[in-house]
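We name chains A, B, ... by the order of the sequence lines, and we start the count at 1 in each one.
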Amino acid sequence: MRYLTRPLLVRFLGLSSRCVSVGLSQTKTLMLSPKQLSLRQSFSTRAGLVTAVDVVKYWQKVFETNGIPEAQESSEYIVSFVLGAKTLQSLNSKILCAPLTAVQQERIRQLSTKRLQRMPVQYVLGEWDFQDLTLKMRPPVFIPRPETEDLVSLVVEEGSQKCEEKNSGLLYPAAAPHPVILEIGCGSGAIALSLLCKLPQSRVIAVDKEKAAVDLTRENAQRLQLQDRIHILHHDVSSSSAKQLLPWGPVDFIVSNPPYVFYEDMAFLAPEIFRYEDLNALDGGDDGMKVIRTILALAPSLLKDSGSVFLEVDPRHPEMVENWLQTHPNWLLTLCAIHKDFCGKPRFLHIQKQSR
Amino acid sequence: MNAPSLFHFTFLLKEISTASWRPWMLRKQQFSLTRLPLFQAAGKKNSSNLLALNEADLKEQFVRGDGPGGQATNKTSNCVVLKHIPTGIVIKCHQTRSVEQNRKIAREILQEKVDLFYKGEDSDVFKEKKAAEKKKQEKKRRARENLERKKHFKEMQESDGK
């Protein structure tokens, strides 16, 4: 017999009836057409045996038919995850051609059903990688974007450089070799925890106005055994005093990936984003600068002399930030560098506080 | 089934000159894998013997949406395609779920391939591969000999028993 065994076929068929009973407005998009079922049958070459490659192709077709973006990537990530790997490319050909168990196929089906609801892959899997860390992900906490990995590298470079300068005996009002870093809007903890790993002498204060983000950062910190070097606070920086942000005194660096989407662009966000992520983590107000302005206003009272602010922003912001700083000369903050992301867009700002 | 066209970004292969990769790193020296302790700690061949890669010789491509990028998009395609212009060698890396890690690994693999290309049999990459192959052959030969010996011993026993 060259086709799927009956129980497995029934399970795949079961997908459609389950969706109807949930009563979603998109149910009609989740029905498996006869064409899709025959695709299923043509993929298995031995009696009831289905390989990882077969299953990836199958779900890719289902996603494509249902208008799910990144159909191939989504399918590959889900199947790899169930097989205990990060990506398909990292699996050897032996595993890729071996038959999947019924349990594995069922798990893949469960996860793929979530993806069919336009849930971001990171939430479907409940985890994602940021640099060399694997972090738990949970809606609606903001999912770290790949561009932000370069923000961390930028801060690490600055952080290690200051250490070198100090050690070489130059008379710089430099940071101590144990930098204290404040992150505003920590989300899942990606930036804070990466910095702690890459700067082993550093300590971090991470704040977020959302309780869910604070909880998730705490969970990720504990999973990585970094909880002793991080203070995680539930605090809205635009509200009250900044005093509670200084348990270790003025800080060497302020880092943030603040909400910076222009309000008019919020309407163009993909369903993956506006249906599942916390929109407060994205909305920067009319000009995307609302939270950026708050951070810059706070910075002079939080930073040591020669301390720095590192921000991720929209490509339209560098000039706007420069103008904003020029209208507040008493802050003594200067935009000293604009760095591009890996797509060549101006993305990261380095602002420094001058010493008095 | 209705993916509104507003939300549908066309995918472009974005060609980025790698001179823009971490410009703050280029301040110090030419990018060279040899100075990153990470790679040696990974237990690989001693990379200080491999030819250093010059970032200016590399061309990187990413599959990215045409949109604004950053927070406004959530794309999971982070495959990196890295080309060494002088030799024409191309590496496609999708080993991890992190763009930065894929870029690092792509450079590592490319460095080995470029070294092999220029040095041929003198390359550490070639030598290690040969050594590994030799070890494998040795193991097979020993296993075969053991099997022969056991067979012979059994035959002897049976003939004694008669």
J.: Checking Tyr276(A) against chain B: side chain, backbone, both or neither under 4.5 Å from a heavy atom?
T.: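 Contact with chain B: none, neither part.
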
J.: Is it the backbone or the side chain of Gln72(A) that comes under 4.5 Å from a heavy atom of chain B, or both, or neither?
T.: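 Interface part for Gln72(A): neither.
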
J.: Taking C-beta and beyond as the side chain, do His94(B) and Asn102(B) meet within less than 4.5 Å on heavy atoms?
T.: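 Side chain of His94(B) against side chain of Asn102(B), heavy atoms only: contact under 4.5 Å found.
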
J.: Apply side-chain hydrogen bond (donor to acceptor under 3.5 Å, both in side chains) to the pair Glu70(A) and Ser77(B), showing each step before the final yes or no.
T.: CA-CA 7 Å; Glu70(A) 296 196 304; Ser77(B) 49; 3.0 Å; yes

J.: Tell me, for Ser80(A) versus chain B, whether the close heavy atoms (under 4.5 Å) come from the side chain, the backbone, both or neither.
T.: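 For Ser80(A), neither part sits under 4.5 Å from chain B.
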
J.: Where on Asp314(A) is there a heavy atom nearer than 4.5 Å to chain B: the side chain, the backbone, both, or neither?
T.: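 Neither part.
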
J.: Flag this pair as yes if the NZ/CZ of Arg316(A) is under 6.0 angstrom from the six-membered ring centre of Phe262(A) and inside a 45 degree cone about the axis; otherwise no.
T.: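 Satisfied, under 6.0 Å and within 45°.
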
J.: Of the backbone (N, CA, C, O) and the side chain (C-beta and beyond), which part of Val261(A) lies under 4.5 Å from a heavy atom of chain B, both, or neither?
T.: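 Both backbone and side chain of Val261(A) come within 4.5 Å of chain B.
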
J.: For Leu282(A), is it the side chain, the backbone, both, or neither that has a heavy atom closer than 4.5 Å to a heavy atom of chain B?
T.: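 The answer is both parts of Leu282(A).
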
J.: Can a donor-acceptor pair be found between the side chains of Gln122(A) and Thr76(B) at a distance below 3.5 Å?
T.: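 No - no donor-acceptor pair under 3.5 Å links their side chains.
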
J.: What residues, two or more places apart in sequence or in another chain, satisfy salt bridge (Lys or Arg N to Asp or Glu O under 4.0 Å) together with Glu133(B)?
T.: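 Applying salt bridge (Lys or Arg N to Asp or Glu O under 4.0 Å) to Glu133(B) gives Lys130(B).
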
J.: Among the options Val313(A), Asn257(A), Thr148(A), Ile143(A), pick out the one with the most heavy-atom pairs lying under 4.5 Å from chain B.
T.: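 Max contact count across the listed options: Asn257(A).
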
J.: Taking side chain as C-beta onward, heavy atoms only, is Phe348(A) less than 4.5 Å from Ile338(A)?
T.: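 No, too far: nothing below the 4.5 Å cut-off.
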
J.: Quick check on Ala281(A) against chain B: is it the side chain, the backbone, both or neither that has a heavy atom closer than 4.5 Å?
T.: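 Backbone of Ala281(A) only, per the 4.5 Å heavy-atom cut-off to chain B.
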
